[in-house]
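Fair warning: this is a prediction, and the values are worked out from it, not measured in the lab. Order of listing sets the numbers, starting from 1, for every ligand and every atom in it.
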Amino acid sequence: MPWWKTAVLYQIYPRSFLDTDGDGIGDLEGVRSKLGYLRWLGVDGVWLSPIYRSPMADFGYDVSDHRDVDPVFGDLEGFDRLLGDAHVRDIKILLDWVPNHTSDRHPWFVDSRSTRDSPRRDWYFWRDGRAGGGPPNNWRAAFGGGAWTWDDATGQWYLHLFLPEQPDLNWANAGVVEAMHGVLRFWLDRGVDGFRADVVHLIGKDAALPDQPPELAEIDLVGVHDHPSAHPLLRGIRAVLDSYAGDRVMVGEVNLGSPRLLVPYYGAGDELHMVFNFSLLWAPWEAARWAERIVESEAALAAAGAWPVWVLSNHDTPRHRTRYGGSEARARVAAGVLLTLRGTPFLYAGEELGLCDAEIPEERRVDPGRRDGCRAPIPWHEDPPHGWAAEPWLPWPPDAGTRDAGSLAWDEASMLHLYRRLLAARRRSPALHAGSWRLLDAPAGVLAYERLGDDGDRRQVWANFGDDPVSCRVTDAWVVEVSTTGRGEGLAWDGTLGTTDAVVVRPGG
Ligand code: ISL
């Protein structure tokens with residue numbers, strides 16, 4: 001199996017991880033200084049949200065130079081140091097690659113907008129307005145408003161599915177394809193292990209840019225855009241990765257909802273290696289709904305030989321503990337499930353501390369998508385500024401002085417230690433990191449499943465989502481390997497679960 005199938009990956013939003021140079025913004029040196037922590041925790045790799053030069057209109061998802069590190073994060077030498085140190089610790093590094101758009105300050109766009117005759121004019125989407133006036137079509141942008149901005153200098157509109165500062169690249173132009181492949185090669189040559197590809201389904205567009213049907217006209221395109229022209233482009237991208245040794249990997253963000261719609265993006269094993277499946281991230285706290293969504297995903301993906309990806313939180317959505325009404329017990333059960341499903345789990349930095357979103361006063365909101373709360377800084381120590389070199393750019397999450405990594409590391413009953421035990425259990429059990437998955441019959445409110453490895457290694461997971469203790473009818477004798485409450489680990493399991501309680505059990509008498 002390639003490394004990424006048995007790995008657990010950890011997303012770092014670099015601005016919010018740890019500041020070492022005193023500007024209140026996290027940096028690469030901050031990430032480097034926590035590699036020991038990540039090794040101790042037991043993750044196998046890190047996905048870094050964008051670190052490239054950027055005017056930061058969308059905090060790095062607007063790239064103005066793909067081949068340099070933004071000075072707020074460090075420099076290329078610092079990146080090489082981080083990568084080298086990560087590899088020494090056997091931690092992989094994935095960069096965020098943003099293929100759908102660039103910054104409006106990127107030299108390519110500056111050139112493209114300079115005159116209609118620019119050799120890069122066609123690298124972006126320039127169109128005349130509709131007869132009678134108005135933008136070329138009815139597309140909406142993700143952060144509100146229309147997806148077209150009028151450019152006075154050359155008298156045409158340009159397309160941006162996100163901010164006006166994020167013009168869309170035209171992947172139908174061979175120059176764009178070559179240039180963006182060159183970006184991949186630049187970082188692959190430096191030794192990165194792969195990429196997370198931002199809204200990668202959007203790179204395939206219908207050249208006619210037809211209107212959205214009226215029933216979809218009011219919503220932004222990101223969640224519904226699904227055009228076949230993405231697939232040959234993804235095969236070209238995959239060929240670049242495959243030309244390097246060492247199983248370089250690409251995990252794509254394809255925001256299409258239903259897992260069935262994600263399968264084509266794996267191609268015949270010749271497109272994306274993995275595609276994020278957000279179906280649990282959007283699932284309400286009900287065992288039956290989780291079961292339904294996992295079964296649906298398994299059915300769609302397993303049949304196609306497509307490797308699953310699971311995720312509960314990221315930098316775009318309220319953290320899962322926040323979504324569960326602040327319940328730590330629920331977040332613990334969720335972690336127990338996330339880390340024992342078939343496929344590759346992605347953690348979002350801080351979930352291992354059980355962080356909730358920060359309350360952001362209106363005057364401190366800075367994100368155009370209002371996603372500031374889940375981007376609150378990570379507290380490393382008890383006393384303010386919690387290990388940071390200066391007060392951070394966003395407010396602290398709640399309980400920063402008791403939920404800091406330092407305090408939780410001393411407390412074996414903490415969420416942090418639960419993650420560590422789950423990661424260790426996953427690593428040592430072939431059933432958990434590589435085995436098959438099968439739903440088990442369970443009482444109402446309980447999600448239960450079995451994992452079975454090729455070598456006969458076997459685990460079961462029993463997760464009570466409900467507010468009442470339950471008794472489960474189990475066959476065979478089981479020993480508790482991990483309990484989300486910490487109760488009874490290493491002892492025989494009698495089939496009972498407390499309120500909001502989950503166990504991973506192994507055969508034993
Ligand atoms: O965050 C959202 C809504 O507020 C999502 O719709 C988000 O825009 C979508 O998931 C795509 O996200 C990715 O691309 C964006 C960037 O802002 C996000 O941070 C990134 O994850 C544009 O590059």
Side-chain angles (χ1 to χ4, degrees), residues 9 11-17 26 47-64 66 70 94-106 109 124 139-145 147 159-169 171 180 183 195-203 205 216 218-226 230 250-258 261-262 265 272 274-282 309 311-320 322-323 346 348-349 357 360 365-376 394:
L9 291 156
Q11 181 192 359
I12 290 180
Y13 194 70
R15 287 183 85 78
S16 302
F17 197 64
W47 146 34
L48 292 172
S49 277
I51 57 165
Y52 318 106
R53 269 191 194 266
S54 165
M56 304 286 168
D58 188 14
F59 295 104
Y61 287 95
D62 49 323
V63 179
S64 59
H66 297 96
D70 195 275
L94 271 54
L95 290 183
D96 211 312
W97 181 59
V98 190
N100 179 64
H101 41 268
T102 67
S103 163
D104 63 339
R105 317 258 190 92
H106 195 293
F109 188 72
Y124 295 85
W139 291 4
R140 312 291 299 169
F143 300 123
L159 176 69
H160 52 87
L161 292 179
F162 294 88
L163 298 173
E165 291 88 346
Q166 294 168 294
D168 277 45
L169 281 166
W171 276 76
M180 289 302 285
V183 170
F195 302 90
R196 175 265 190 186
D198 188 64
V199 286
V200 70
H201 59 309
L202 299 181
I203 65 176
K205 292 190 177 72
L216 295 178
E218 287 311 311
I219 61 174
D220 78 68
L221 220 67
V222 178
V224 293
H225 181 93
D226 190 14
M250 185 172 278
V251 52
E253 184 200 23
V254 175
N255 314 65
L256 292 176
S258 163
L261 298 174
L262 306 180
Y265 288 84
L272 294 166
M274 296 187 274
V275 181
F276 285 114
N277 173 1
F278 296 123
S279 57
L280 293 183
L281 187 148
W282 293 116
V309 178
V311 50
L312 295 177
S313 284
N314 63 30
H315 65 297
D316 288 336
T317 328
R319 285 182 176 277
H320 58 272
T322 304
R323 301 197 309 268
F346 276 72
Y348 177 49
D357 286 22
I360 312 282
R365 288 200 174 271
V366 286
D367 176 46
R370 299 182 66 79
R371 299 161 292 186
D372 312 83
C374 64
R375 298 174 178 184
L394 282 176

Query raised in the report: Parallel, tilted or perpendicular for Phe276 and Phe346, by the 30°/60° rule?
Result: perpendicular
Query - N-O pairing of Arg15 and Asp70 below 4.0 Å - result: no
Dump the pairs for me: ligand 1 N or O, protein N or O, distance under 3.5 Å, to 0.1 Å.
residue	atom	partner	partner atom	Å
ligand 1	1 (O)	Arg371	NH1	3.1
ligand 1	10 (O)	Glu253	OE2	3.0
ligand 1	10 (O)	Asn255	ND2	2.9
ligand 1	12 (O)	Glu253	OE2	3.2
ligand 1	12 (O)	Asp316	OD2	3.3
ligand 1	14 (O)	Asp198	OD1	2.9
ligand 1	14 (O)	Asp198	OD2	3.2
ligand 1	17 (O)	Asp58	OD1	3.2
ligand 1	17 (O)	Asp58	OD2	2.5
ligand 1	17 (O)	Arg371	NH1	3.0
ligand 1	17 (O)	Arg371	NH2	3.4
ligand 1	19 (O)	His315	NE2	2.9
ligand 1	19 (O)	Asp316	OD1	2.8
ligand 1	19 (O)	Arg371	NH1	3.4
ligand 1	21 (O)	Arg196	NH2	3.0
ligand 1	21 (O)	His315	NE2	3.0
ligand 1	21 (O)	Asp316	OD2	2.5
ligand 1	23 (O)	His101	NE2	2.9
ligand 1	23 (O)	Asp198	OD2	2.7

Requested in this report: Mind listing the closest non-hydrogen atom pair of Asn314 and Tyr348 along with its distance?
Outcome: O-CE2, 3.5 Å
Query raised in the report: Does Asp168 pair with Lys205 as a salt bridge, N-O distance under 4.0 Å?
Result: yes
Query raised in the report: Does one side chain, of Asp96 or Tyr52, offer a donor that lies under 3.5 Å from an acceptor on the other?
Result: no
Query raised in the report: Parallel, tilted or perpendicular: which describes the rings of His315 and Tyr13, with under 30° parallel and over 60° perpendicular?
Result: parallel
